[in-house]
Amino acid sequence: MESIAVWQGATLGGIVAWILISSYLNVTRKLRSFLQPWVAHHVIAGTPLIFQIQKYQHWFFDALFSGLSCVVSVPFYTAFLPLLFWSGHGRLARQMTLLMAFCDYLGNTIKDMVSAPRPSSPPVRRITATKDEEDNALEYGLPSSHTLNTVCLSGYLLHYVLSYIQYEDVSMKFVGLALVSLFVGLIGLGRIYLGMHSLIDIIGGLGIGLVILAFWLTVHELVDNFIVSGQNVTSFWAALSILLFFAYPTPEIPTPSFENHTAFNGVAFGIVSGIQQTYHQFHHEAVARIFTPQLTISNFVGRMLVGIPTILLVKFCSKALAKWILPGVSNTLGIPIKSTNYIPTLNGNGKKSDESKQSGYIQRLFFSQQGSFDVDTGIRFIQYASLAWSVVDLVPSLFSHLSL
């Protein structure tokens, strides 16, 4: 018990120390001043390659690459991962969820730290077929999140499948690796074809993704063992979630990247806290899995019909409850608050100062540039943490009562 407390304290203390030291040394500004001009130069130099690829413009390629981008987008994973939990593959689901949160955090951290531009449109033709793609276009370019996430999640999925079915045939491993490589290549090519990224962004996403995947394959068993059988799991992860907010860099101009991180930070906390409480009930290795007599297709469809409306209802109610509670708590404690989107009556009209834009690694998390509490961050975190908790705790309880 004492050793557990020591390493948890050391981990959190190390993050606090990094936040303070990096803020004092102004790490964000120094790294940005070094990396941004270099990346921007390569973005401009890569424009002719984008033109060459876009010469093959065709409605089929527009639809193909737009569709592939949707398949590997954050909203897709948000919808897909609950189904993976309910299919009985809990270990794979929680590992992919945490890996997705890890990728999202590191990718968006690098994006906002470097603050490098996307290809200029015009002259580059940019296709944004969905609202999610329109939001993506507002983020910075390096690295390509779609490429990074695809490398990590498809690579981990291949590792899980080969381990689960215990393939020893080298040729099958080669085929699996070839398919994953082809998929990653199509995603990278599609991001350039759609005008969303330059070659340097794709290379950055590929390289960072491979490093993250290698790291995750080294620690994933330790992480999983900690979540399902560790001590102080929920309190440790709550403290970690808060510190990760503060460790997030401030971009030159606000983008949706921090909102995406907030959402997946909440998802990770909700999954971890829910799994830690209900592992032996609903998520152990002996649970019924899809395509077995214990969990038929009809039962799985029933789970979806019950589960999806339930988690959407939890998301709606938790958001409404947080919008009602957080401002009241803040006012009671005398904390000045504002809201960017969720509570119109709290909207501020102040403009961001240059100093606040370059505030280093201490992201003003909940605090706006006017020194007030941006309650939207807390609302978004609670909303997605509640949604994730319902996926692994509330909904499986309903399945149990309904014999699904």
Nearest atoms (heavy-atom pairs only) where Val151 meets Gly209 | CG1-C, 3.7 Å

So, Gln281 versus Asp393: side-chain donor-acceptor pair below 3.5 Å or not?
-> no

How far does NE2 of His280 sit from OG of Ser229, to the nearest 0.5 angstrom?
-> 7.5 Å

If you take all heavy atoms of Gly155 and Val180, which pair is closest and at what distance?
-> N-CG1, 4.3 Å

Where Pro143 and Lys111 come nearest, the two heavy atoms and their spacing | O-NZ, 2.9 Å

Could you state the interatomic distance from NE2 (His197) to CD1 (Ile203), rounded to the nearest 0.5 Å?
-> 13.0 Å

So, Arg118 and Ser198: side-chain donor and acceptor under 3.5 Å apart, yes or no?
-> no

Side chain to side chain contact (heavy atoms under 4.5 Å, CB included) between Cys103 and Ile212, worked out = CA-CA 7 Å; Cys103 291; Ile212 294 175; 4.0 Å; yes

From Phe80 atom CZ to Thr97 atom OG1, the distance as rounded to the nearest 0.5 Å | 9.5 Å

Straight-line distance of Asp135 CG to Glu259 CD, nearest 0.5 Å | 8.0 Å

In short, Gly188 meets Ile202 closest at the heavy-atom pair O-CD1, 3.7 Å

Between CG of Leu404 and CG of Leu398, what distance do you get to the nearest 0.5 Å?
-> 9.0 Å

Please walk me through it: do Ser386 and Lys315 pass side chain to side chain contact (heavy atoms under 4.5 Å, CB included)?
-> CA-CA 7 Å; Ser386 300; Lys315 180 182 177 183; over 6 Å; no

Given the rule in the ring pair (Phe, Tyr, Trp, His ring centres under 6.0 Å) test, do Phe291 and Phe300 qualify, once you have shown the distances and angles that lead to the verdict?
-> CA-CA 9 Å; Phe291 303 126; Phe300 182 68; 8.1 Å; no

Only one of Phe269, Phe381, Tyr105 forms a ring-ring contact (aromatic ring centres under 6.0 Å, His included) with Phe245, so which one is it?
-> Phe381

Report the C-alpha separation of Arg94 and His283 in whole Å, then their side-chain angles, then the decisive distance to 0.1 Å, and conclude whether the side chain to side chain contact (heavy atoms under 4.5 Å, CB included) test is met.
-> CA-CA 10 Å; Arg94 58 182 175 266; His283 304 289; 4.3 Å; yes

List the steps, then state whether side-chain hydrogen bond (donor to acceptor under 3.5 Å, both in side chains) holds for Asp104 with Ser145.
-> CA-CA 8 Å; Asp104 186 76; Ser145 296; over 6 Å; no

Between Leu138 and Pro256, which heavy-atom pair has the shortest distance, and what is it?
-> CB-CD, 3.9 Å

Sidechain-backbone polar pair: Ser23 side chain, Leu20 backbone, donor-acceptor under 3.5 Å = no

Going through the distances and angles, do Glu252 and Tyr140 end up as a side chain to side chain contact (heavy atoms under 4.5 Å, CB included)?
-> CA-CA 10 Å; Glu252 282 189 336; Tyr140 290 108; 3.5 Å; yes

Distance-only side-chain donor-acceptor flag, Trp389 / Gln277, under 3.5 Å | no

Closest non-hydrogen atom pair, Val124 against Gln54 | CG1-NE2, 3.9 Å

Using the ring of each side chain (for Trp, its six-membered ring), is Phe215 parallel, tilted or perpendicular to Phe102, with breaks at 30° and 60°?
-> tilted

Can you tell me how far the CG atom of Leu92 sits from the CG atom of Leu84, to the nearest 0.5 Å?
-> 4.5 Å

Please work out whether the ring planes of Tyr193 and Phe65 are parallel, tilted or perpendicular, with thresholds of 30° and 60°.
-> tilted

Neighbour count above 12 (heavy atom, 6.0 Å) for Phe61 CZ | no

Can you check whether Gln95 reaches Trp216 side chain to side chain, under 4.5 Å on heavy atoms?
-> yes

Could Arg191 and Asp201 be called an ion pair, given the rule that one side-chain N must be under 4.0 Å from one carboxylate O?
-> no

